[in-house]
Amino acid sequence: MKDMRNWRITLLFALLGFFLVQCKQDRGAETGKAVGGQLDHAATEKHRPRYHFTPPAKWMNDPNGMVYYDGEYHLFYQHYPDGVVWGPMHWGHAVSTDLVNWQHLPIALYPDSLGYIFSGSAVVDWNNTSGLGKDGKPPMVAIFTHHDPVGAQKGRQDFQVQSIAYSNDRGRTWIKYAGNPVVKNPGIRDFRDPKVIRDEVRGQWVMVFAAWDHVKFYTSPNLIDWKHASDFGRKWGTHAGVWECPDIFPMNVDGTGELKWVLLVSINPGGPNGGSGTQYFVGDFDGEKFTLDPGFAGRLGHMDEVVPEGYVFEDFEENRYENWRKEGFAFGNYPAKGAITGQGEVTGFKGERLVNSFFNGDETMGTLVSPSFEIKNRYINFLIGGGMHPGNAGMDLVINDEIVRTATGSQRDILSWQSWDVQEYVGSIAKIMIYDSVSTGWGHILVDEIMFSDQPARPATEKAVFLDYGRDNYAGVTWSDIPPEDGRRIFLGWMSNWDYANVVPTKSWRSAMTLPRVLKLGQYDGDFFVTSQPVAELQNLRDGVHEMPSTLVTPKTKKQFMLENGVAEIELELSFDEGGNGNFIVEFSNDVNESIEIGIDLEGGIWYTDRRDSGPHAFSALFALSRHQAPVIRQGREHKLHLYLDVASIEVFANDGLTVFTEIYFPTVPMQSMDFKSEGGNVRVEGVRYSLKSANFEPIPK
C-alpha cells in the first residue's frame, strides 16, 4: 500500500514564498523585472503554441486586468516568475494592437506586505473620478484581490481583500494606492476576483466579485469608496465547487435590439465535463441588483439526492474511532461534531459526527485505516468533502496492498455523495484508508456515512448553463473599454484546468490562453444562449487556402487530408442524408497512432471530443477519463464546424459558436493528417482548410 502513504513534512510553501517576495517590492511605485529566459515561441518546446498566448517562461493562470487604451489591448495574468507551478502570485503583463501578436512587458504588480496579487480587472477612469490621474489624462486603475498567505495558513476567514493600483503612463508602471484595501473582508474565506465596470446610466462604478458560493455587487462613485449593494447566486446555477472570476456586462439580443445583462461565473470544480468550467446567467441589472430572466431561470434548478437502501459500514457516530487505526494528528481523537475552531461552516453530513481532518488547522496530517471487510455489494457509497488534492488528501479503497479506487473533495466544506462501482472486486477482502498529507490551503478532508449497496447513491445536482464544454477554458473574462465604434464583447480564458494544471508536461513555461472570442447573445427556440466565435483579427494568421470540395463520406469510406506542422484552421459544413442518424467524426492523427476526435452523434443529440488517445497523459489520472460531451442545440441535418488546431490544443466552434469545446493535449509529434469518418449514415462535407503562420511574441524589453 505504498507504506500506507509516505509521510513527508513539507515546508509551508505559500508562507515561505510570501517572505521571499518582501524584498522585491514595497507598496510604492513599481518597475518590472525581466522574466528569465526569453523563448522563441514558434520553435522551442514541442508543445509551445504557435499562435496562442503563453508567458515567456514560468507559471501563468487567470487572465487579469483586460482593458483597451490608446490603441492597445492590455492583458495581465496570474504569474509566478520563479517556478512552473502555482506560487506567490504576481501580475504578468503584455500588450497587443490586434489581439494576435503580443509584446511582453515587465511584471506589473508584485506581492507586498498585504499579500499576493490575485485576480482582478482594470478600467480607464476617463473622468478621473478617483483623482488619481495626472496632467489632465485619465488614469488606468487596476482592481485586484490581496491574498494574505499568513492569514490563510492560520485558518482565518478574512485573508482576502480588494485593493487598487493606478498607472499614468499607459500601463507601463503601477503605483499601489496608499489606502489599500478599498474593500475589507466581512469574514468570508473565498472573497476575491473583482471585476469593475462603468455604469454610465447611473454615474457609478459597479464591482462584482466572488464570495465562495455566490457573487457580491458593490458600487462606488470614485473606485475608492465602496458600499455593498446586493448578492446573487446562492440559489441559482451549480455550487459543485468554489465560485471565481465573475464578469457582468450588457448585451443587445441579436435580431431584436432587446437589452439584457450577462453574468459569467467560473467554478472549480463543477465544470460540465469535470474540473474547472464557466457558467453564465442572463437577466437584468438595475445598478444594484441582478435579476434572472424568468425564461432563463427555467433552465436552472435543483435535483434532490438519491440514497439507496444499503448496509451502513461506518457512520462515525461513536465517541471514538473504534476499530479504525489512526496515525498523525489531523483527525483528532474522535469524530468531529461538524466544523472545528477556525473552520467555515461544514454541511451535508449525516447525524452529529463525521471525519474531519481540520483538527489544529490545515497544517496537521494523518491517516485513518478501517478494519478489513469483505466486498459483498456492487457499490460503496459515501459522503465526502473538503480539499481537492488527488493522491494527497482523500479516501482510497485498498485490496492486497493496492489502491483500486480513490476519491477526494471538491474545495468546499459541503459533503456530497460519491460512489465506487466495485463489482469486479466482490468477494475480495478490502480496507478503506482516509488520509491527509496536505499542510497548505484546503488541506483537509471530510468523510461520513460509508455504506454498501447494490445501487449507487447520487448527489443533489444543480442545473447550470455553460459557456464552453471543453475541459480547458477557465477564469475567462472580457475586455473593458472597447471603443463604441468597435462594439464587440471580447472574451479570453485560461486554457487549462485545475485538475492537472500544475503537472502538464511542459518544462520552462506553463499554460496558454484561449483564442480571443467575440461573445454574442441570441435566442434559439425561445431560450437565450451566449455564443462564442473567434475574433476576425485571427484571419491575419492565414497563410494558404486549401479548398475541400463537396465529398460524400459513408461508413465504408473516409477522406484524408495532410496537415502542416500540426497547425490549421478548418471550416466545415455538414449535411446528413435523410434517414441518416449516425456519427460524423473529424479525426486528427500522427504517425505514432495518437489522435484526437471531434464528433457529432445526430441520433444521441450530442457533440463530443475525445482526447484519450491524443498522446501521453500519465501525468494525471484526471486528464483523459472519458470523452467530453455537449448538447446539440441547433436541430436539423445541417451543421457547421469551425476548428482551430494548434500543436497542443484544439478549439471547436460548432454551429456559429452555439456549442464550444476547448481542449489541450500533448502529442509525441504534431498531428499530421485529418480524416473524415462516418458511422451509421452518409454525410456530405465541404469546406476550407487554412495553413496558419505563427503569431509574433516580442520579448520583454531590457
Side-chain angles (χ1 to χ4, degrees), residues 14 18 61-62 64-65 78 86 88-89 91 109 111-121 142-165 176-177 179-197 205-220 223-234 237 239 241-248 263-268 270 276 288 290 339 342-347 361-362 387-388 410-414 440-442 444 474-475 477 498:
F18 174 74
N61 57 289
D62 306 358
N64 297 155
Q78 291 286 277
W86 189 95
M89 286 291 99
W91 270 24
L109 297 175
D112 58 30
S113 61
L114 292 181
Y116 303 161
I117 312 298
F118 271 23
S119 291
S121 55
I143 308 95
F144 58 91
T145 296
H146 259 125
H147 172 93
D148 172 17
V150 177
Q153 287 292 332
K154 290 181 177 179
R156 292 175 56 178
Q157 300 297 308
D158 60 352
F159 55 85
Q160 293 180 340
V161 295
Q162 318 312 319
S163 295
I164 64 174
K176 297 206 185 90
Y177 179 62
N180 281 334
V182 295
V183 179
K184 295 182 179 180
N185 190 312
I188 301 172
R189 181 179 179 88
D190 296 291
F191 183 80
R192 57 177 180 260
D193 310 336
K195 177 63 187 283
V196 169
I197 63 170
W205 298 97
V206 175
M207 178 192 298
V208 58
F209 55 87
W212 185 47
D213 62 349
H214 65 287
V215 297
K216 290 186 174 293
F217 290 96
Y218 278 55
T219 59
S220 171
L223 293 168
I224 296 170
D225 302 300
W226 294 90
K227 67 176 182 178
H228 176 244
S230 66
D231 296 350
F232 171 81
R234 285 190 176 94
H239 299 83
V242 177
W243 282 28
E244 297 185 299
C245 301
D247 193 0
I248 188 169
L263 172 66
L264 306 181
V265 178
S266 290
I267 185 169
N268 178 61
S276 313
E288 292 190 348
F290 178 81
Q343 186 177 26
E345 183 181 12
V346 174
T347 60
D362 278 333
M388 185 179 65
S410 58
Q411 294 297 83
R412 60 180 190 159
D413 286 333
I414 303 174
T440 55
W442 283 102
H444 62 275
Y474 189 62
V477 289
W498 281 116

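When a residue number appears, it is its place in the shown sequence, counting from 1.
- Counting only heavy atoms from C-beta outward, the side chains of Asn185 and Phe159 never approach each other to under 4.5 Å.
- In this structure, the ring of Trp212 has its center no less than 6.0 angstrom from the ring center of His214.
- Between Trp243 and Ala210, the shortest heavy-atom contact is O-CB, 3.2 Å.
- Nearest heavy atom pair, residue Val206 against residue Trp226, reads C-CZ3, 4.1 Å.
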side-chain contact (heavy atoms from CB on, under 4.5 Å) evaluation trace for Phe191 with Val183: CA-CA 10 Å; Phe191 183 80; Val183 179; 3.9 Å; yes
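- A pairwise comparison of heavy atoms in Met89 and Pro111 identifies O-CG, 3.4 Å as the closest pair.
- Side-chain atoms of Ser276 come within 3.5 Å of backbone N or O of Trp498 as a donor-acceptor pair.
- Residues Ser163 and His146 form a side-chain contact, since some pair of their non-hydrogen atoms from C-beta on lies under 4.5 Å apart.
- Contact detail for Phe144 and Ile164: the closest heavy-atom pair is CE2-C, 3.7 Å.
- Between the side chain of Gln343 and the main chain of Gly155, no donor-acceptor pair closer than 3.5 Å is present.
- Looking only at side-chain heavy atoms (C-beta outward), Lys176 and Leu114 stay at 4.5 Å or farther from each other.
- Side-chain polar atoms of Gln162 and Thr145 form a donor-acceptor pair below 3.5 angstrom.
- Donor-acceptor pairing under 3.5 Å is lacking for the side chains of Asp190 and Gln160.
- From Lys195, atom NZ reaches atom SG of Cys245 across 10.5 Å, with rounding to the nearest 0.5 Å.
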Walk me through it: do Asp225 and Tyr218 pass the test side-chain contact (heavy atoms from CB on, under 4.5 Å)? CA-CA 10 Å; Asp225 302 300; Tyr218 278 55; over 6 Å; no
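- The CG atom of Asp231 lies 13.5 Å from the CZ atom of Phe290; values are rounded to the nearest 0.5 Å.
- Atom OG of Ser121 and atom CD1 of Ile143 lie 4.0 Å apart (nearest 0.5 Å).
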Carefully, step by step, assess Phe232 and Val265 under the rule side-chain contact (heavy atoms from CB on, under 4.5 Å). CA-CA 11 Å; Phe232 171 81; Val265 178; over 6 Å; no
Stepwise, does the side-chain contact (heavy atoms from CB on, under 4.5 Å) test hold for Arg192 with His147? CA-CA 9 Å; Arg192 57 177 180 260; His147 172 93; over 6 Å; no
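- Ser119 and Asn64 share a side-chain donor-acceptor pair at under 3.5 Å.
- Here Arg156 contributes atom CZ and Asp148 contributes atom CG; the two are 6.5 Å apart, rounded to the nearest 0.5 Å.
- Taking the side chain as every heavy atom from C-beta outward, Gln153 and Thr440 approach each other to under 4.5 Å.
- From Thr347, atom OG1 reaches atom CD1 of Ile414 across 4.0 Å, with rounding to the nearest 0.5 Å.
- Between the side chain of Trp91 and the backbone N or O of Phe118, at least one donor-acceptor pair lies under 3.5 Å.
- Separating the CZ atom in Arg234 from the CG atom in Asp213 is a distance of 5.5 Å, to the nearest 0.5 Å.
- Between Lys227 and Thr219 the shortest side-chain heavy-atom distance falls below 4.5 Å.
- A donor-acceptor pair under 3.5 Å links the side-chain atoms of Ser230 to the main chain of Glu288, judged by distance alone.
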